[in-house]
Amino acid sequence: MAGLTKRVQVLFKPEQFKELKKKATARKESIGELIREAVEEKYLSKTLTKEKIAAAKKIAAMELPVSDWEEMEKEIVRARLERE
């Protein structure tokens, strides 16, 4: 916890706290670590967000051969069956 110098109090509903505690326990982390990570990912990681937006724009700009859904589904099923 080196470097942590600011404290914030957050109140949760009992069911929210129960879920946070379950997730933190499963990940072998404290609830504080879980919340700090969520805040970092959601609100503070501007670079990651910019990278995601840039990647989404790049994918959307691609001109990929795409059939209608029924044809694509047949191709997916056929390819899956060939692997087995």
Side-chain angles (χ1 to χ4, degrees):
M1 277 219 309
L4 301 178
T5 61
K6 302 296 178 189
R7 178 182 296 268
V8 174
Q9 182 175 1
V10 180
L11 301 175
F12 292 101
K13 295 176 186 174
E15 59 273 9
Q16 291 174 318
F17 186 80
K18 184 180 175 182
E19 286 300 312
L20 285 171
K21 189 170 184 173
K22 252 191 341 190
K23 288 184 187 295
T25 301
R27 294 174 61 166
K28 297 183 177 143
E29 294 179 338
S30 69
I31 293 173
E33 288 171 312
L34 194 70
I35 293 169
R36 281 190 293 277
E37 183 181 317
V39 169
E40 182 67 34
E41 287 179 16
K42 176 79 174 171
Y43 297 105
L44 304 178
S45 184
K46 292 178 177 78
T47 304
L48 185 57
T49 301
K50 288 178 184 176
E51 288 174 3
K52 285 180 180 178
I53 291 169
K57 286 181 179 178
K58 195 173 183 179
I59 291 169
M62 292 178 168
E63 292 187 29
L64 301 172
V66 179
S67 301
D68 61 26
W69 170 245
E70 289 79 17
E71 186 61 34
M72 290 178 63
E73 185 177 26
K74 288 176 189 174
E75 290 178 23
I76 292 167
V77 170
R78 189 170 40 249
R80 178 67 180 150
L81 292 174
E82 287 173 3
R83 286 186 183 177
E84 294 177 352

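Hydrogens, waters and symmetry mates play no part in the numbers below; they use all other heavy atoms, side chains included. Since the structure is predicted, the reported quantities are computational estimates derived from the model, not experimental observations.
Hydrophobic cluster membership differs between V77 and W69, with clusters built from Ile, Leu, Val, Met, Phe, Trp and Tyr side chains linked at under 4.5 angstrom. Criterion: ILVMFWY side-chain heavy atoms under 4.5 Å apart, direct or through other members. Under it, I53 and I59 are not part of a common hydrophobic cluster.
Between E19 and K22, at least one side-chain N (NZ, or NE/NH1/NH2) sits under 4.0 Å from a carboxylate O, which counts as a salt bridge.
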Distance-only donor-acceptor hits, side chain of residues 23-35, under 3.5 Å, sequence neighbours excluded:
from	atom 1	to	atom 2	distance (Å)
T25	OG1	K21	O	2.8
R27	NH2	E37	OE1	2.9
R27	NH2	E37	OE2	2.8
S30	OG	G32	N	3.4
S30	OG	E33	N	3.0
S30	OG	E33	OE1	3.4
E33	OE1	S30	N	2.8

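A distance of 10.5 Å separates CD1 in I76 from CD in E71, rounded to the nearest 0.5 Å. Annotation: the span from M72 atom CE to K74 atom NZ amounts to 13.5 Å, rounded to 0.5 Å.
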